[in-house]
Structure formats: C-alpha cells, structure tokens
Amino acid sequence: MSSFQPGSMSDTASKVTSPTAAPPSPTNEVSPCKESPKSPVVVEIPQAVRDYIQQSKIHMSQTCQYMEAGLSLNAHYVNVSVSRREIARSGKNTNRCLDKELIITGDIDRQKSSMGQSQIFDSLNGKRYNVLFGNAGMGKTTVIKKLCLDWSRDCIPQFDFVFLLDGKQLALTEPVHSLQTLLLSQSSFAPHCADPEGVYAQILAAPKRVLIVFDGFDELRHYEILLQTQKKELVASLQKDSKAQAFTVKQLFSSILQRVLLPGCTLLLATRPRGTASQLLRRADSFLEVCGFTPANVETYVSQYFSDPELRESALDSLKSSSYLNLLCWNPGLCHLVCTALEQCKSEDALPRTLTALCHKVLCLKMEKDRGSTESLLEAEKINTAGPVENTDISNNSPGRRAQKNNRTRPRAVACAASGNQRARKTKGQKKLDEENVCQDTNRTELLSQLCSIAWEGVKSNSSAVPKGRTVSTKLRAFSLRTGLLLSQSLMKRTPSRREEMEGGGEVNNGIEEVEDKENKEKGGNPQTSDEWEDRILLWANPFLQSYMAAVHLSLSRTVTEHSFLQTLPFQMGAKGRRKPQREELELTQRIAAGLLFHNRTELQSLHSYSEAVFRDMVASKQALVMKHLEGLCFGDLNSTQILEACNYVYEASFTHQESGKDTSAKMLTRLALNLPELLTFRGVPLNPPDVFTVQNALRMGGAEGRSFCLDVEDTGIQICGLRSLVALNNINTYRACIADVVTLWEELEKRSDEGLLQGAVSKFKIHPLKATQVCHIEHLERLVSIHTSKRLSDSSDQSNSLLAEGVPAVKELYKLEFE
C-alpha cells in the first residue's frame with residue numbers, strides 16, 4: 001500500500017545522484033556511520049565557504065553533546081531504532097489527526113521496517129518532506145542532536161549545510177529578519193559567520209545540499225498558521241530579495257514549509273502524533289517514528305547512567321522486581337526519571353509503583369537538593385556575618401595570649417558559667433537557623449504553588465513554554481532554574497561586537513542553557529533585570545513533570561473550585577454529545593491528578609501549606625467528585641481510546657493510602673472491571689508496554705469478579721511480550737492480533753516448552769472475518785495457512801503435532817475474507 005500522495009513534493013523534485021560519497025570520519029565515537037549511496041551533485045564550493053562549513057561542524061560537535069543534566073551523547077547515548085510508517089490516504093475526513101491516519105503495523109513488521117539512525121537519510125531516496133514523530137519523552141530532540149553530531153563527523157555527506165530551527169522562535173514577531181539571518185544567525189548551533197554573503201550565495205546555489213530541521217513544534221496550534229496561503233505581494237517580496245531584513249520568523253518558516261524559499265532543500269520536521277497538523281502532514285513524503293527502548297536498550301541506559309558497579313546492579317535488580325517501573329522505561333524520558341528515583345531508593349518497598357509516585361519522588365528529590373543548597377548558603381552567610389573570629393595565630397606577648405593564660409587560672413565556677421553561656425549562644429543560633437529553614441520551606445512551598453499554576457496554564461494552552469507576557473518574579477525564576485524544573489532558552493542571538501569578531505569570538509549559544517552562571521548569581525539573591533531576559537523564554541525541562549505539577553494545581557489547590565475541577569475530569573461530553581478527544585499532556589495531567597488525590601497524604605505535605613484538617617477535607621471532597629464522575633459513566637458509550645484512558649486513570653489511583661479501613665481506589669478498579677464490555681477491542685489504538693500493564697490489571701480484576709472477555713488487539717502495535725501477558729490470563733476466551741505476531745508467539749512458547757500456554761494461545765486465536773487492507777496481511781495469512789496444512793509450526797517441530805493435529809482452528813473457522 002503506497003504511502004506517497006500523487007503530486008507530493010518529492011514527485012516534483014528533480015532526482016540526481018553524485019559520485020560515491022567520502023567514507024565516514026573515523027572520529028565518530030558514538031556509533032559507526034554508513035556511507036551514503038546517493039547524494040546531490042556537489043557544486044564547487046569557495047574556500048571561504050568550506051572554512052565556514054568546517055567551523056560549523058566543529059562548533060556543532062561541541063554544542064550537540066548535551067542531553068539531560070549531567071549526561072552527554074558521547075557517554076550516555078543509546079542508539080534507538082526509527083521505523084518507517086505509512087499513512088492511509090482515503091481522501092475522506094481531511095481533518096483527522098496524524099495518529100488516526102497512520103497505519104499501525106504489528107511488532108514483527110515494525111521491526112522489519114526499523115533502521116538505525118545513521119540510515120535515516122540513506123532511506124529517503126530523494127524524498128524532501130519528512131516527518132519524525134513520537135510521543136512526549138521518546139527522544140525526538142535527542143535523535144536530532146545525534147543527526148547533527150553525525151553530520152559534524154562527516155557521516156551524512158549528502159548535505160553541506162544543516163540548520164536547526166526551533167518552533168519556539170515563532171514568539172519573535174518583529175519583522176526584522178531575513179532568510180539569511182534566520183539560517184546563519186538564529187538557527188540553533190550555528191557559529192559566527194565571517195562571510196555571510198558568500199555562504200548564503202552557496203546555499204541558494206545548491207539548495208539540494210541543504211538540510212533544514214524543524215524542532216520544538218509540539219505546540220501544534222502553529223501549524224495551521226504556517227500553512228495559510230501567503231499574500232502574493234509577500235511571496236513576490238520574499239522571492240525577489242530574501243536577504244531583506246523585513247520579515248517575521250513566522251513568514252520565513254511558512255515560506256520554507258510551503259517551498260516558496262529553498263524549494264530543493266530537504267526538510268525534517270519533529271512533532272508528536274496527536275494534534276491538528278493534518279494539512280502539513282499530508283504534504284509529507286515520508287513518516288519516521290522514534291521507537292522506544294527495548295529491554296536491551298534499558299539495560300544499556302541504566303548501565304551508562306550508574307557508573308558505580310554496586311549502584312548499577314542494585315538499579316537493575318530493582319527494575320526486575322518492579323514490573324510497571326520497568327515497563328515505563330520503554331519511554332526514554334521516563335527511563336531517565338526512573339534512574340533519578342533509583343539513585344535514592346534504599347529498598348524495594350520505597351520504589352514508585354505508579355507514574356504519579358515516580359514524578360512525586362523526582363520532584364521531592366529536586367526540592368531536597370535545593371533545600372540542602374539553600375541551607376549551606378545560609379550557614380555560609382551566618383559565618384561571614386558572625387563578627388571577628390578569635391585569632392589562632394598570636395604571639396606569646398599578645399593580648400590574646402595573655403587572655404588565654406588568664407582564662408586558664410579562672411575559678412572552675414566562672415569557667416562553667418562561660419561554657420554555659422557559649423552553649424546558650426549555640427542553641428540560640430541553631431534555633432535561629434531552624435526558624436530561617438522553616439521560613440525558607442514556606443517560601444519554597446509558595447513558589448512551588450505558583451509554578452504549578454503556570455504548569456496548568458501551559459497544559460491548557462498546549463505549550464511547554466512560559467508565555468513571554470506571563471509575569472514571573474525574580475525569586476520564582478531563580479527557584480525554577482535552580483531546581484531544574486524550568487530551563488532558559490534564548491530566542492535570538494545578539495550580534496557580536498567588533499572586538500569579539502577581531503578576537504574570533506561571537507559564538508552565542510541559543511540552545512538550552514546550562515544556566516549555572518546565572519544560578520550562582522540568583523542563589524546569592526542578585527536580581528535579574530528585565531533587559532537580561534527580554535530575548536529569552538522559560539520552558540519546562542520535562543513534559544512529565546510539567547503534567548505532574550499541573551495535576552498538583554488541580555488536585556491540591558483550593559483556588560481550583562469543585563466546579564472547575566469537575567470540568568477537568570476525563571470523558572467529558574462535547575457540544576454534540578460526542579466525547580472530546582484528549583491531548584497527550586492533558587491526558588497525563590488528568591491521570592496524575594487522580595493519582596495525587598488517592599496518594600498518601602503524609603507524603604504530600606511539602607506540596608501545600610494548608611492545615612491538616614483543611615487539606616483532608618479538600619482532598620476528600622475531590623475524591624468524592626472523581627468517584628461520582630466514574631460511577632456516572634456509561635462504559636458502553638466509551639470508544640477504545642477512552643477505555644484505555646479509563647484503565648490508566650484508575651490504575652494511577654489504585655495504590656491509595658488506606659484510612660479507617662476504607663479503600664476507595666479498590667472500588668474504582670472493581671467498578672471498572674465490572675463494566676468493561678465483554679467484547680473488548682482496542683483496534684486502531686496504539687498500545688505501549690505501560691498501557692498493556694494497566695489493561696492487564698483491569699482484566700485480572702475482572703477475572704476475580706467472575707468476568708471473561710473476548711479481546712481484540714489487532715492494529716495496536718502491541719509488543720509480543722505484551723501479547724503473551726494478555727493471552728496468559730485465564731479469563732480471556734478469544735483474542736485477535738496481528739497474525740505474524742501470533743505465530744511468533746507460538747514459536748517462542750514452543751521453544752520454552754510451555755505446552756499449557758501454547759495450547760491456549762492456539763485454541764483461543766480467531767481471525768474471522770478477515771479484512772486485508774495491506775499486502776502484508778495476505779503474506780501473514782499465507783504463512784498461517786501453511787502451518788494449518790503442514791500441522792506443525794516448523795520443520796523441526798514435534799510438540800505441535802498433537803496441538804495441530806486438526807490444523808489451526810482459526811483457519812478452519814475463517815469463512816469471510818475481504819480486500820480493501
């Protein structure tokens with residue numbers, strides 16, 4: 001089934017090949033790079049431009065190393081796979097989201113279509129408009145940095161120039177930019193250019209050797225704006241003189257995306273699969289998905305994270321003992337949070353068991369670290385302001401020495417009195433220090449509350465950046481940067497001074513800043529002037545912590561009334577009686593909000609400043625709202641996506657702290673299990689490993705309540721290990737799944753000599769009726785029929801003879817086969 005639209009950008013692009021590319025640089029320390037079989041024709045490049053390209057590669061190799069705090073690509077990068085995806089182009093419902101358009105393949109087919117990141121551009125075959133997508137935390141930005149790093153090491157010889165443009169620069173609205181300044185001055189990781197005219201002329205002369213990467217477009221509301229048809233006067237002005245500094249960043253971005261400017265360049269756009277970006281994505285020639293960590297990837301990441309062998313073994317053992325935590329590590333971003341939590345977990349009982357508990361643990365660690373650093377500063381200030389210290393280097397004839405001799409001859413009672421006074425002064429000093437710590441904790445809680453409110457504003461507006469118009473106090477900015485909850489990013493590079501140009505400087509990093517220098521000033525209380533921050537924005541360092549803090553605002557703030565809170569609960573009805581689709585960050589916030597309400601209240605004390613009675617009553621009231629809302633749901637009206645949301649939602653609240661013998665969360669899980677439809681289908685809904693775990697949790701509870709189910713997980717992309725865990729449940733009567741994955745599961749069970757589970761997996765499998773929408777469906781069916789006729793899974797198979805003596809039941813029961 002073709003994934004390319006007639007008349008797409010690649011159809012009109014001329015396709016030329018160059019002589020064999022040069023071999024990759026031997027300096028690549030992260031992963032070997034393959035030689036590209038094809039690259040555009042090389043135009044003769046002036047020496048000054050060659051020098052700039054080399055300078056760009058050196059600069060990019062230095063600035064692309066940063067990953068998370070303390071981690072670098074060279075030391076901690078894990079080479080995850082990228083899989084090629086196809087899109088269903090039916091011509092109907094053009095407003096559907098990307099995740100509803102993409103064809104979901106089985107685990108085996110996904111593995112076949114996967115590739116290493118060094119193969120991405122080798123596989124494009126001249127395609128000019130490419131989309132790289134993945135959910136929050138899947139590592140899209142890390143993949144982009146790795147591609148930039150590979151280019152700096154001569155591993156992507158197809159391109160002479162690589163420019164990284166950040167979607168957050170759309171906040172710059174002044175018409176003072178040109179395409180030349182955008183690429184050479186404002187793109188991330190770009191060094192100072194000594195000959196911008198010559199370099200820009202080379203870019204225009206050979207656009208096919210230019211790669212432009214768009215990152216930071218998770219705020220999907222910008223897409224439709226960028227694709228609005230531009231006025232003829234603007235298009236003419238851009239094409240006439242793209243060097244004129246008279247355009248906004250939005251106009252330039254839009255012109256690149258619509259091929260008004262640099263029509264022959266290659267585009268790579270990174271985004272999440274959910275949103276309203278259909279028009280943009282329908283123009284794309286290819287779709288690439290960032291795959292999650294495999295179990296081997298998780299072990300590699302954890303081993304690289306923990307340099308100490310004992311900590312490494314302890315962390316790996318902890319993951320093996322905690323199924324859900326281990327499955328969360330499928331997401332690289334969550335894997336980093338898990339490692340952060342494992343650093344401080346002393347026992348298995350202290351391990352987080354939900355996403356809520358994981359985020360809470362990480363936030364507490366950040367707060368404790370900030371509290372320790374603040375206390376150290378207070379003690380240092382106390383020493384500095386305590387007055388003159390008794391001189392220890394004095395001569396025998398000095399007054400100090402004589403005073404010491406006189407002290408030795410004082411009566412014992414006087415000495416005891418002096419000692420008592422000294423202890424009293426120490427006690428008084430410690431008391432004052434404790435009071436200062438309490439005051440600091442109160443201030444910290446207030447700042448955290450403000451930050452939680454900002455997080456909720458960002459979730460509502462689908463933005464990871466704090467709006468430039470939002471007032472952020474100096475204390476709040478310092479606190480958020482110091483804890484690493486927010487990061488500071490420059491939107492515009494300043495123009496280097498003449499002195500810097502003469503000294504060869506002028507390189508200003510406009511990527512994510514380490515902000516260590518600013519932190520040192522802010523810890524000392526030095527205020528930041530507005531001029532220092534006018535061209536910078538604050539953005540959330542981690543999407544999961546942003547959703548967590550937004551959930552804290554919803555669940556634990558008295559400023560959110562019961563009516564407002566009720567409107568934020570999931571499964572709300574739309575204006576026409578339809579369930580509103582949920583964005584990823586909003587869904588995460590809703591899940592964590594439920595988890596917080598049913599969390600141990602003692603552990604939440606650092607998140608609020610209310611009295612125990614007020615806090616208890618507020619939480620109890622919102623718990624009752626959640627329970628009543630779920631009890632009022634008609635589960636038969638929920639679609640497959642919403643049923644999955646319900647499983648995740650209830651699981652987050654399933655580890656409540658029981659009080660007075662009440663376990664309200666158990667009631668929620670029981671009610672969910674009792675109301676799940678008997679024919680439970682997730683067809684067309686992606687199921688990642690943590691999703692499978694929560695579904696299994698609900699199905700297992702259903703079994704305890706005497707319920708059984710017919711399960712359909714076809715077209716979900718479920719991993720084979722997840723399929724095995726669901727099929728192994730005793731209360732699954734029948735199941736449907738990708739035929740290739742099912743056959744692979746049977747073969748694995750046969751190798752393990754798991755006769756009981758193999759027998760159930762074969763007898764419960766159903767394929768009637770079968771609709772073939774892809775060529776691979778026919779190929780998979782052919783393989784299943786071959787097993788049916790030969791009555792064995794493989795040529796060397798003996799055990800399957802008895803199981804398949806009558807053939808494959810699913811094939812015998814197939815009466816209807818449709819083609820589409």
Side-chain angles (χ1 to χ4, degrees), residues 9 98 128-133 140-141 144 147-148 159 161-190 196 200 203-204 207 210-272 275-285 461-465 467-468 489-493 510-511 535 537 539:
M9 299 298 177
L98 172 62
R128 300 293 182 187
Y129 212 125
N130 311 283
V131 173
L132 176 72
F133 68 92
K140 299 181 292 295
T141 298
I144 287 173
L147 291 175
C148 291
F159 306 110
F161 301 95
V162 174
F163 299 108
L164 175 59
L165 301 179
D166 195 329
K168 297 179 181 65
Q169 289 180 320
L170 290 170
L172 299 173
T173 57
E174 297 80 7
V176 295
H177 306 278
S178 66
L179 180 61
Q180 176 177 312
T181 59
L182 180 70
L183 297 180
L184 301 182
S185 300
Q186 300 306 321
S187 61
S188 302
F189 312 131
Y200 186 63
I203 292 172
L204 296 180
V210 176
L211 169 65
I212 298 180
V213 183
F214 284 86
D215 193 17
F217 273 86
D218 292 338
E219 288 79 17
L220 298 176
R221 63 184 181 279
H222 293 311
Y223 277 127
E224 294 179 352
I225 298 175
L226 295 174
L227 287 170
Q228 291 177 353
T229 303
Q230 295 179 329
K231 296 181 179 180
K232 294 182 179 179
E233 296 81 4
L234 176 61
V235 172
S237 178
L238 285 164
Q239 293 176 335
K240 180 180 179 181
D241 186 9
S242 59
K243 294 192 296 182
Q245 296 184 347
F247 308 105
T248 64
V249 172
K250 186 190 80 172
Q251 290 171 336
L252 293 171
F253 276 24
S254 179
S255 298
I256 295 172
L257 293 172
Q258 296 187 45
R259 300 300 193 173
V260 174
L261 297 176
L262 296 178
C265 71
T266 298
L267 298 179
L268 180 65
L269 294 89
T271 184
R272 295 182 189 175
T276 56
S278 303
Q279 296 179 33
L280 172 64
L281 298 168
R282 285 176 175 275
R283 299 180 181 218
D285 299 319
S461 62
N462 189 30
S463 176
S464 62
K468 292 199 69 176
Q489 179 175 349
S490 175
L491 291 178
M492 184 186 300
K493 294 182 181 178
N510 79 323
D535 68 336
I537 59 171
L539 61 151

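Each residue takes its place number in the sequence, starting with 1.
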Which heavy atom in Ala270 sits nearest to a heavy atom in Lys140, and how many Å separate them?
CB-CB, 4.4 Å
Listed by chain and number, what are the side-chain contact (heavy atoms from CB on, under 4.5 Å) partners of Ala244, not counting sequence neighbours?
Asp241, Phe247
When rounded to the nearest 0.5 Å, the distance separating CG of Leu132 from CG of Leu147 is 8.0 Å
Under a 3.5 Å distance rule, please check whether Ser185 uses its side chain to pair with a backbone N or O of Leu182 as donor and acceptor.
no
Please confirm whether the backbone N or O of Asp285 pairs with a side-chain atom of Arg128, one donor and one acceptor, at under 3.5 Å?
no
Would a 4.5 Å heavy-atom cut-off, applied to side chains only, mark Phe214 and Leu267 as touching?
yes
Considering only heavy atoms from C-beta outward, does the side chain of Ile203 approach that of Leu179 to under 4.5 Å?
no
Please name all residues satisfying side-chain contact (heavy atoms from CB on, under 4.5 Å) with Ser255, sequence neighbours left out, ordered by chain then number.
Gln230, Leu238, Val260, Leu261
Return yes if a side-chain donor-acceptor contact under 3.5 Å exists between Asp166 and Ser188, otherwise no.
no
Under the side-chain contact (heavy atoms from CB on, under 4.5 Å) rule, collect the residues that match up with Pro467, sequence neighbours excluded.
Arg470
For Gln245, enumerate each residue passing the side-chain hydrogen bond (donor to acceptor under 3.5 Å, both in side chains) test, keeping only those at least two apart in sequence or located in another chain.
none
Does one side chain, of Thr266 or Tyr129, offer a donor that lies under 3.5 Å from an acceptor on the other?
no
Knowing that exactly one of Glu233, Lys232, Lys231, Gln239 qualifies, which makes a side-chain contact (heavy atoms from CB on, under 4.5 Å) with Val235?
Gln239
